Structures are given as structure tokens and as C-alpha cells.
Amino acid sequence: MAVTIRDIRVICTAPEGINLVVVKVETSEPGLYGLGCGTFAYRHLAVKLVVEEYLKPLLVGRNVENIEDLWQLMNQNGYWRNGPIENNAISGVDMALWDIKGKMANMPLYQLFGGKCREGVAAYRHADGRNFEEVEQCIQGYLDQGYRYIRVHCNTYGGNMGILNNASGLQSSSANAYTMHKTENAPEGAYYDPAQYMRNTVELIDHMRGKFGYQVEFMHDIHERLTGVQALQLAKDLEPYKLFFLEDALQPEQGEWFEYIRKQTAVPLAMGELFVNPMEYKQLIEKRYIDYIRCHISMIGGLTPAIKLAHFADVYGVRTAWHGPFDLSAIGAAAQIHLDLVSPNFGVQEFSGFTPEEREVFPGAPEARNGYIYLNDKPGLGVDIDEEAAKKYPPTFRENFWLKCRLPDGTCVRA
Ligand code: GCO
Ligand code: MG
């Protein structure tokens, strides 16, 4: 008899203070369920509502086997599509269905996807700090743990905490000895100055290359904060330092600018954590303007579209570097790593680690050892949720000050 979907529930939890969204699909088979990640940390209740009020009534009673068909059904059922709320809702169900399929086959997902290309997945970590000394210590800490890829920042994205540091007198480098200017009656916000950020970044990377040499791979995330020509300038200035890649140089809306960066520099380019629509990445891959596609798997609708995207990128010689930030559950992280294990065109995996609280909520979370991430070999995704533990960490409303970005003259801009 066919195994069918009996119930779909959404569990929101914040074991690390970041709102995570997990979808649980329960089946007609006692004890058989799947888990998926639909984390949109800043709109978690909207995702929950779409799953519970729209997807659940659409799916209950349907055969769990036909993932592709169910994905197409979910994707077209709202008529308008490709937004982050809808995609995360679909992703939660989609990953859960893959989890169920793996459990039914008694295989880890990487087996169902074709089998491993590698045993472990090389990961990169974020090094940051309020000044160069702190960044150095952070890099050294990751090197000591065995990581070989490190993303280097100072004062977070765009250096927009510089103003606080100046006040606290913590800066030790000339790059940080800068006072943010503002207009009279300036609205509150996380201010940053693109020109200053660009200068600081070149000095930062130069300093860290001097300190750590070229053995370690460095990357840097512009976080879509520059204009096309600014991104081009920064890419050219950073070229001598042989970055592993320069991440998210431009806003998704400005993708055409990659042609100019590509034709004028040899800096490897990674792009796409904000993408939600295939139209945003199709051309960049086809034209080979980027080297790494780094979509957030739940933001593009789950594993079903991500598998296709990985294969599509492979045809064009573009590698994968899926977005692996803090606002991702261990279930979402495991989904990425299953795909990393089987993709011949895997590049590197962004990894944010798991706190003891996250491990308590998500038994079976992936583990990092000596710079590589490993999965357990349990069937399906291999990560469970302890719902009682999850309740101890209820989601909270977060004002997200860092997302209230402004230029020095007060103009509100992208984070
Ligand atoms: C990254 C990202 C994140 C995002 C975050 C937004 O490269 O990891 O840029 O840090 O800022 O996911 O919520
Ligand atoms: Mg990023």
C-alpha cells in the first residue's frame, strides 16, 4: 500500500538566538517522518503560515514517493512563484520528502543521489574581529582547528561597526582609524562608507597575506554592498592577493555587471546567496561570468532544484559553494553536504559550526574534523529534531539592526 502524507507541521526554534524553521512531514507509516529546512530567519512566521495553511491541505493524503511531481505542484499552486517565503515553505517539505525517501530506501541521501565523489567536504569559516589583531587571532584559531579556507573580514560586512570601534578606542590599524561622517538629524542605522570599506579591505587582506602567507586560502564577502564599478575596482585591487574567491560582489539585480568584472580581472567570483529565481543565475553560469554558484538551498526551493542547479553548473565548469550561514538549521546543512558529497563540481562549503544548544536540538548534526565536514551514515538526511529541546529555545522577534543599512549621507541601502 502506498505510503502517504498524514500531517505536516512546522517547528520554529532558536537554539542559537537565530530563528530557524523546520518542517516535519509525517506519513501513514507509524514512526516514518521526514525533516526539512525552510529557514527564513527574518520572516519565519510567514513561512510557517504558507506551509500549514496552504501546502498541508494541498499535500495531505498524497503518495510520498513522487517528489518531483509534488515539487512542481507546490511551485505552481500559488500561480506566482519564486519568492523567498514560498521557496522556503516548499523547501521544508521537499527536503522532508527526500529524508523520507532515504529512510524508506534505508540509504543516506548521498547514496540515492549517485554515491560519494569524496569522503569529506572542505569547509570555510568566517574570521572577523574589531581590529586586525582580533582578526589574526580568529584566523589562527581556525588554522589550529585544521581549516584551510578562511573568509576574512574586519568589523563585519562593509566594516559598518567601525564607528563603534572608534568610540571604544579598540582600533589598532590605520585602516580602522576613521570616523564615520553623518548628516545632521541622521536616522538610526548601521552606517557604512563604501570608499572606506574598500580601502580597509585591501589593507586587511594585504596584512593577512603578510602574516599568514599564501598557503591558506582566503576569501572575502562584499555582501552585495558595492556598485558595479566599485566592485570592479576592489576586485582589481585584490587580484594580487590570490583570493580563493570574492563573494557576492553585486546585488542580484546588477548581474550584468559581472561581464565587466570578469573581462578585467582574474579574481575567482562566487555569487548567489540572495538568488531565489533561476533567471538570476542562468546567464551568469551560461556565460561563465562566475566560478562558484552559492545559492542558499532553501531559498531556491529545496534539494530538488538544487540538484538540477548543481548539474547545470557542472556542464559549464562552474563549481558549487552553497550558502552555509548561521541562519541555517543543521537539517539544511546536512542537505547541502549530501549534495556536496556527490557533486563532481563541488568547490567548497561555507560552514558556521554548531553550538552545544544546536546539537541538543538537532541530534546527528554534521561534524567538522580537521577542516572537513562529515555526515553520519544514517538513512535519509541523518539529522533528527528533539522537539522538547526545541521548545526551550523559542523564536524571538529580532529587530536586526544590521539590516538597517545606510550610507554616510543617510541613504538607505542594501545590507
Ligand atoms: C554569508 C552571508 C550571511 C548572511 C546571512 C543573512 O555569506 O554567510 O552573507 O552571513 O549575511 O545569512 O541572514
Ligand atoms: Mg555572503
Side-chain angles (χ1 to χ4, degrees), residues 5 8-12 18-25 34-59 66-99 224 248 251-253 255 271-285 293-313 320-329 331-336 338-339 350 381 395 403 414-415:
I5 296 175
I8 303 181
R9 290 193 291 120
V10 177
I11 302 153
C12 295
I18 294 174
N19 298 335
L20 304 174
V21 182
V22 173
V23 174
K24 185 166 189 175
V25 174
L35 297 167
C37 185
T39 295
F40 183 175
Y42 316 123
R43 297 288 185 269
H44 69 285
L45 291 174
V47 175
K48 181 174 160 69
L49 185 128
V50 171
V51 173
E52 293 181 344
E53 300 294 325
Y54 296 98
L55 299 185
K56 177 180 159 179
L58 179 70
L59 300 176
N66 306 323
I67 300 177
E68 179 69 40
D69 184 63
L70 294 180
W71 192 92
Q72 299 296 340
L73 183 66
M74 289 189 281
N75 191 46
Q76 53 92 322
N77 184 258
Y79 188 51
W80 280 275
R81 50 194 179 270
N82 296 317
I85 295 169
E86 188 83 10
N87 284 355
N88 271 290
I90 293 173
S91 166
V93 175
D94 175 74
M95 285 184 195
L97 291 172
W98 279 106
D99 193 24
E224 311 101 5
D248 287 317
Q251 302 173 22
E253 299 81 6
M271 176 66 189
E273 73 180 44
L274 278 174
F275 289 171
V276 290
N277 185 324
M279 294 306 290
E280 292 167 317
Y281 55 71
K282 209 170 67 157
Q283 228 203 11
L284 296 185
I285 293 173
I293 182 76
R294 48 179 278 93
C295 295
H296 187 110
I297 289 182
S298 69
M299 288 283 172
I300 60 167
L303 272 170
T304 297
I307 295 165
K308 295 173 190 175
L309 173 53
H311 291 319
F312 171 64
T320 65
W322 305 116
H323 186 223
F326 290 101
D327 44 335
L328 173 76
S329 72
I331 291 159
Q336 298 177 322
H338 280 282
L339 197 47
E350 180 183 23
L381 286 166
L403 288 171
R414 275 211 26 78

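Hydrogens, waters and symmetry mates are skipped; everything else that's a heavy atom, side chains included, is used. Note that the structure is predicted; figures quoted are calculated from it, not measured.
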Colleague: With a 4.5 Å heavy-atom cut-off, do Arg43 and Pro84 have their side chains touching?
Modeller: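 Sidechains of Pro84 and Arg43: no contact.
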Colleague: For a side-chain contact (heavy atoms from CB on, under 4.5 Å) check, start with the C-alpha distance between Leu339 and Ile297, then their side-chain angles and the critical distance, and finish with the verdict.
Modeller: CA-CA 10 Å; Leu339 197 47; Ile297 289 182; 4.1 Å; yes
Colleague: Is it true that atom CD of Gln283 has more than 12 heavy atoms of other residues, nucleotides or ligands lying nearer than 6.0 Å?
Modeller: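 Count not over threshold, so no.
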Colleague: Side-chain contact, heavy-atom cut-off 4.5 Å: Thr39 with Leu328?
Modeller: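 With C-beta onward as the side chain, the pair stays apart.
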Colleague: We want to know whether Ser298 and Asn88 form a side-chain donor-acceptor pair, criterion being a heavy-atom distance below 3.5 angstrom.
Modeller: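 The answer is yes; a qualifying pair exists.
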Colleague: Roughly how far apart are Ile300 CD1 and Ile293 CD1, rounded to 0.5 Å?
Modeller: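 Here the interatomic distance stands at 8.0 Å.
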Colleague: In Å, rounded to the nearest 0.5 Å, how long is the span from CD1 of Ile90 to CG of Asn75?
Modeller: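 With rounding to 0.5 Å, CD1 (Ile90) is 4.5 Å from CG (Asn75).
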Colleague: Around atom OH of Tyr54, are there more than 12 heavy atoms of other residues, nucleotides or ligands at under 6.0 Å?
Modeller: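 Incorrect, the count does not exceed 12.
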Colleague: Nearest 0.5 Å please: distance from the CZ atom of Phe275 over to the NE2 atom of His323.
Modeller: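 If I round to the nearest 0.5 Å, the distance is 12.5 Å.
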Colleague: Among Leu45, Ile85, Val21, which residue satisfies the side-chain contact (heavy atoms from CB on, under 4.5 Å) criterion with Phe40?
Modeller: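 It is Ile85, the one option of Leu45, Ile85, Val21 that forms the side-chain contact (heavy atoms from CB on, under 4.5 Å) with Phe40.
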Colleague: Counting only heavy atoms not in Lys308, do more than 12 sit closer than 6.0 Å to its NZ atom?
Modeller: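 Counting other residues, nucleotides and ligands, NZ of Lys308 exceeds 12 neighbours.
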Colleague: Passes side-chain contact (heavy atoms from CB on, under 4.5 Å), Lys282 versus Phe312? Steps please.
Modeller: CA-CA 9 Å; Lys282 209 170 67 157; Phe312 171 64; 4.3 Å; yes
Colleague: Quick check against the 3.5 Å criterion: does Trp71 have a side-chain atom that pairs as donor or acceptor with the backbone of Gly301?
Modeller: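 Yes.
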Colleague: To the nearest 0.5 Å, tell me how far Glu224 CD sits from Arg414 CZ.
Modeller: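 Reported to 0.5 Å precision, the distance equals 4.5 Å.
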Colleague: Rounded at 0.5 Å granularity, tell me how far CD in Glu350 sits from NE2 in His296.
Modeller: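 Separation between the atoms: 9.5 Å.
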Colleague: Within the side chain of Glu280, is there an N or O that forms a donor-acceptor pair under 3.5 Å with the backbone of Asn277?
Modeller: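 Between the backbone of Asn277 and the side chain of Glu280 there is a qualifying donor-acceptor contact (under 3.5 Å).
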Colleague: Counting only N and O atoms by type, is there a donor-acceptor contact under 3.5 Å from the side chain of Asp248 to the main-chain atoms of Gly272?
Modeller: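 Yes: the side chain of Asp248 pairs with the backbone of Gly272.
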Colleague: Where is the tightest heavy-atom contact between Cys295 and Tyr281, given as atom of each residue plus distance?
Modeller: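 So the minimum-distance heavy-atom pair works out to SG-CD2, 4.0 Å.
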Colleague: Considering non-hydrogen atoms only, spot the tightest contact between Leu303 and Ala335 and give its length.
Modeller: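 For Leu303 and Ala335, the tightest heavy-atom pair comes out as CD2-O, 3.7 Å.
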Colleague: Got a sec: does the CZ of Arg81 have more than 12 other heavy atoms crowding it under 6.0 Å?
Modeller: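 It does not: Arg81 CZ has 12 such atoms or fewer within range.
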Colleague: Within the distance-only criterion (no hydrogens, no angle test), does the side chain of Asp327 pair as donor or acceptor with the backbone N or O of Ala41 below 3.5 angstrom?
Modeller: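 No: the side chain of Asp327 does not pair with the backbone of Ala41.
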Colleague: Is the side chain of Glu52 donor-acceptor paired with the backbone N or O of Val10 at a distance under 3.5 Å, no angle test?
Modeller: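 It does hold such a pair.
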Colleague: Is there a donor-acceptor contact under 3.5 Å from the side chain of Asn19 to the main chain of Pro395?
Modeller: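 Not at all, since once roles are kept as given, no pair shorter than 3.5 Å links the two residues.
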Colleague: Is there a side-chain contact between Leu70 and Ile5 in this structure, where contact means two heavy atoms from C-beta onward sitting under 4.5 Å apart?
Modeller: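 Yes; the side chains approach each other to less than 4.5 Å.
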Colleague: Search all heavy atoms of Asn87 against all heavy atoms of Val276 and return the closest pair with its distance.
Modeller: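 Closest heavy-atom pair between Asn87 and Val276: ND2-O, 2.9 Å.
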Colleague: Can you tell me how far CG of Asn82 sits from CE of Met299, rounded to the nearest 0.5 angstrom?
Modeller: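 Those atoms lie 13.5 Å apart.
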Colleague: At their closest point, which heavy atom of Ile285 faces which heavy atom of Ala313, and how far apart are they?
Modeller: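 Scanning both residues, the minimum pair turns out to be CG2-CA, 3.9 Å.
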Colleague: Can any side-chain N or O of Ser329 pair as donor or acceptor with the backbone N or O of Ile331 at less than 3.5 Å?
Modeller: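 Pair found, side chain donor or acceptor close to backbone of Ile331.
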